[in-house]
Structure formats: structure tokens, C-alpha cells
K.L.:
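Got a structure for you, questions after.
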Amino acid sequence: MMNFTIYKSFPYQILFLFCIVVSLFANYELTFVVWFFTLLITIKRKYSVTILKYCAIFLAILLVATVSTLFSKTTLFLFIRDFTYLVKPILGLLVGYQLCRFSSKLALKVLIYTGLAISILHLVTLFFTIIQFRTLSVNFLRQQGGYFSDYEIYVLIILIFYKNFKIEISKKQRTVLLLIIGLSSFLYLARTNLIQFIILYVGLKGYLVYSHRSLKVILSVLLVTIIGYTAIVYSNPKREGKGIQAFLYKIKIAPEEAFKTRINKDDWKDFNDNYRSFENIITVKQVSNNGPRAVLFGEGLGSTLNIGRKILTNDNEYVQYIPIVHNGYMTIFLKSGLLGVILLLVFLIHLYRQKKSNLEALQAINYLLLGSSVFLIVSNWVFLGLYLKLDNKSIIIGFLIALREVMLREYKSQKSSLNEY
């Protein structure tokens, strides 16, 4: 039975919840202050080589951008703003790592109950939005309740594979948690969360590690995906559709939205539907026009992308020069050039290459980290990956790395105790 008890580590539980929840609000300044403050007051005496290696890669990306700034013109404000953006993955990894100061059982409870708190907050927000505005518009509900929640998907996966993680929980309690968190996750109607769920689920099954069986499974998943996508295309959901039809329309245009190479910027429908691709095209052109140095090392901190027209952002501001784009690879290309992009890929490769463990719970964490690396390939392309202002996956990854170390220490301690007898 998973009972809730007050522990001496309760302040760390509250800090963890606060750090996750604050990242869900569109106020990066507040997120940065909370994460940085948490980092300062939870510093550990020892850090593993793994967490330091991951942080070093992101630090290298930041240093490349900093050096490139010497060859560009910028302002102090723009420099500081970009610095806080590019330091975010380092902050998140360290905060997550430092906040895992519990037993493995309690750490998993903290992860799950934080997800439950976020889900309840989301469902309550949607409920009052529907009551107040009397609308079921998908776009409006997502605007009010949030566009996605990667964290809840992680918790869903952990609950589904609770036996692998050795979680002690009653069937009734697990069912209630799955229903609440599952409903909340579904109501985001987020394409990336759907992709994330599939990737992490396949990952926890061990099918993201190459074998003949995993190859068959992945090919089967791709085949089902193609058939499903074809069915959606033939159903021809409309752009002006409501409810689930609006969600299906977003799925329909997903491949074109991310990879289209020719966009008519004077056609508002084409421009809005394929805006991510438009950003990518403009980024490559702008950086390339600034010469080989910019291509290799970027335009530095404080650099901006000239869209060529004023657009309305999610912050309800009209801007023409933007510091970051939706695509994480393109954002790093703008700031740190090809070298920065290569370093980002190096991180994904290192995150993917998890060692095999004979301990089931440890292997489950390894699979979750491995799945995270695969998902980040997609997330970086459409949603900035760990650099997104609303992202908290860096905290999750840091927390999981620390949790794995806790589990290993517990196992060695238990084994040592048994040997004494």
C-alpha cells in the first residue's frame, strides 16, 4: 500500500514539486530564479561522473556561444537573456540530481504524487474554463490549461511499469492514479505527448535496444503509425474543426509543418500552419549569409532571428526579432553553430548509451533514460528540447540519474548486510 507519510526530507519534496510546477507557467524569469535558488541551497558534497559529463556538454555549447559573441554586436540585456536560456539544461540536470535525497521508494512516490498534483491542477483549470467561458474549443482550452505535459507522461509510464520499478502500490490506488493522470494527459491533445508515450513505452519494453525482435516491433509500430496517419489524411479533418477534429487536423499537417521547404509567407494559412518550417528556413539563410565562422560557431549570445515581419507570440507581444526558435537544433545553430549542434547530438548519444544492469529496477531507469534520448531527438526538432522555457525534462533526467545511484547504494548495502550473516 502506498501511504503518504511526512518525512525529514519533506522540504526537498516541496522544492521538487515547486520546481516542476513553476516550469509550467509562461514566466521563465520566475522559473530561472526558483531553479537557481534551489540549486544554491541543495548543493551536494559529491557528484557522479555521469551528471558532470552531461552538464559539461551543455557548458561547452554555452562557452562556444559566449566566445562567438566577441565577433558580434549585442546588448547586455540580450546577452544575459540568452545566457539564462542556454544555461537552463545545466540548471535542470543539477536541480533534479540534487533534490533526489530520498530512499528509492520515497523518490518514486515523490515523482508520482507530483504528477498527480499537476494533473489535478490541469483538470480543475479545464473544468472552470469550460464553466466560465462555456466553450469546448480545443485551441482555447489548450491556451488556458496548457499545451502539453511531458512530466505526466513520465509518471504514466512509471505507473504502467510499476513492477519493473518495484513500486509498492495497491491495485485500486494505481487504477485511480492512472485514470486521473491519464485523463489529464489526454486532454492536452498534444501530438508530442502522444509520440513521447509511444517512445517511452517501447523503450521500457526494451525495444529501443537493437535486436531482431526489437527491429520487428519498431517496424510494426511504424507500419501502424503510417496506416493511422493515412486514415486521418483520408478523413480530411478541417482546419476550422472543433474538438477532436482540430486535434486530428494538427496530426494531419504534422510532417509538412516540421519539414516543408517552400512556404508562401503572404498566405496566412500556409504561413501559420508551417511556421516552424519557416523559422528553420530563415535561420539557415541568416546564419549562412554571415559567413563560415557563423556557420561553424554561431552568432553568439544575444543574436536574434529576423522574421521579416511582426508576429504575435504566445506572450501576446508583436515581435520581428526573436532570440529562439521552436527547433532546438536551429536555436543552437544560431547561437553556437554546427559545433554546438554536434555537441547537442553528443549529449543525446551519451544519454542513449546506458549500461545494461541485472537489477530490474536499475534497468527500468536505464530504459527510461534511453527512451528519453530518443524522444529528445523529436522534441528538439519541434519544441526546443531541454531549452524550452516550459520544459522540465532536464530535472526529470537529473533526478533519475540520482535515483539510479540511490538504488545501487541500497542494493550494495543490502548485499553487504546479507554477507555478514
K.L.:
Do you see a donor-acceptor pair shorter than 3.5 Å between the side chains of Gln196 and Tyr154?
P.N.:
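Result is no, nothing qualifies.
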
K.L.:
Do Asn193 and Asp150 get their side chains close enough for a donor-acceptor pair, meaning under 3.5 Å?
P.N.:
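Side-chain D/A pair, Asn193 to Asp150: present.
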
K.L.:
Would you indicate whether the side-chain heavy atoms of Asp391 and Leu384 approach each other to under 4.5 Å?
P.N.:
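Leu384 vs Asp391: side chains apart.
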
K.L.:
Any side-chain donor-acceptor pair under 3.5 Å between Thr129 and Gln144?
P.N.:
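No, no side-chain donor-acceptor contact under 3.5 Å.
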
K.L.:
Decide side chain to side chain contact (heavy atoms under 4.5 Å, CB included) for Ile198 and Phe375; before the verdict, give the C-alpha distance in whole Å, the side-chain angles of both, and the deciding distance to 0.1 Å.
P.N.:
CA-CA 9 Å; Ile198 294 172; Phe375 173 61; over 6 Å; no

K.L.:
Would you tell me whether Glu152 and Ser119 have side-chain atoms, one donor and one acceptor, within less than 3.5 Å of each other?
P.N.:
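There is such a pair (donor and acceptor under 3.5 Å, judged by atom type) between the side chains of Glu152 and Ser119.
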
K.L.:
In the structure I gave you, are the side-chain heavy atoms of Phe165 and Leu204 within less than 4.5 Å of one another anywhere?
P.N.:
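Yes. Closest side-chain heavy atoms under 4.5 Å.
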
K.L.:
Under 3.5 Å, which donor-acceptor pairs link side chains of residues 31-39 to any protein atom two or more places apart or in another chain?
P.N.:
{"unit_1": "Thr31", "atom_1": "OG1", "unit_2": "Val22", "atom_2": "O", "d": "3.2"}
{"unit_1": "Thr31", "atom_1": "OG1", "unit_2": "Asn27", "atom_2": "O", "d": "3.4"}
{"unit_1": "Trp35", "atom_1": "NE1", "unit_2": "Cys19", "atom_2": "O", "d": "3.0"}
{"unit_1": "Thr38", "atom_1": "OG1", "unit_2": "Val34", "atom_2": "O", "d": "2.7"}

K.L.:
Hey, is NZ on Lys216 packed in by over 12 heavy atoms from elsewhere, all under 6.0 Å?
P.N.:
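Atom NZ in Lys216 is not crowded, with 12 or fewer foreign heavy atoms closer than 6.0 Å.
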
K.L.:
Can you label the angle between the Phe399 ring and the Phe102 ring as parallel, tilted or perpendicular, going by 30° and 60°?
P.N.:
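Geometry flag for Phe102 against Phe399: tilted rings.
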
K.L.:
Quick one: do Ile158 and Leu368 satisfy side chain to side chain contact (heavy atoms under 4.5 Å, CB included)? Show the steps, please.
P.N.:
CA-CA 9 Å; Ile158 290 172; Leu368 196 53; 4.2 Å; yes

K.L.:
Scan Tyr12, Tyr54, Tyr47 and name whichever one has a ring-ring contact (aromatic ring centres under 6.0 Å, His included) with Tyr97.
P.N.:
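For Tyr97, the ring-ring contact (aromatic ring centres under 6.0 Å, His included) check succeeds only for Tyr47.
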
K.L.:
Looking at Glu299 and Asn290, what are the two nearest heavy atoms and their distance?
P.N.:
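The pair with the smallest heavy-atom distance is OE2-ND2, 2.6 Å.
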
K.L.:
Once rounded to the nearest 0.5 Å, what's the spacing between atom CG of Asn392 and atom CD1 of Ile397?
P.N.:
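Rounded to the nearest 0.5 Å, the CG-CD1 separation comes to 10.0 Å.
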
K.L.:
Parallel, tilted or perpendicular for Tyr85 and Tyr28, by the 30°/60° rule?
P.N.:
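Ring orientation of Tyr85 relative to Tyr28: tilted.
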
K.L.:
Would you give the length of the straight line joining atom CG of Leu369 to atom CD1 of Ile365, rounded to the nearest 0.5 angstrom?
P.N.:
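One gets 7.5 Å once the value is rounded to the nearest 0.5 Å.
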
K.L.:
Using 30° and 60° as the class boundaries, would you call the ring planes of Phe383 and Phe148 parallel, tilted or perpendicular?
P.N.:
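Aromatic pair Phe383/Phe148 classed tilted.
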
K.L.:
Does the side chain of Met407 reach to within under 4.5 Å of the side chain of Lys166, using non-hydrogen atoms?
P.N.:
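The answer is no; the side chains never approach within 4.5 Å.
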
K.L.:
Before giving the answer on side chain to side chain contact (heavy atoms under 4.5 Å, CB included), spell out for Leu99 and Val110 the whole-Å C-alpha distance, their side-chain angles and the decisive distance to 0.1 Å.
P.N.:
CA-CA 10 Å; Leu99 285 178; Val110 171; over 6 Å; no

K.L.:
Would you mind telling me which of Arg353, Arg404, Lys355, Lys356 makes a side-chain hydrogen bond (donor to acceptor under 3.5 Å, both in side chains) with Asn366?
P.N.:
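Filter result, single survivor: Arg404.
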
K.L.:
Hey, mind stepping through Ile167 and Arg174 against side chain to side chain contact (heavy atoms under 4.5 Å, CB included) and telling me if it holds?
P.N.:
CA-CA 10 Å; Ile167 298 175; Arg174 177 171 167 267; over 6 Å; no

K.L.:
Can you name the one residue among Tyr188, Tyr151, Phe127, Tyr147 that meets ring-ring contact (aromatic ring centres under 6.0 Å, His included) with His122?
P.N.:
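That would be Tyr188; it is the only one of Tyr188, Tyr151, Phe127, Tyr147 passing the ring-ring contact (aromatic ring centres under 6.0 Å, His included) with His122.
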
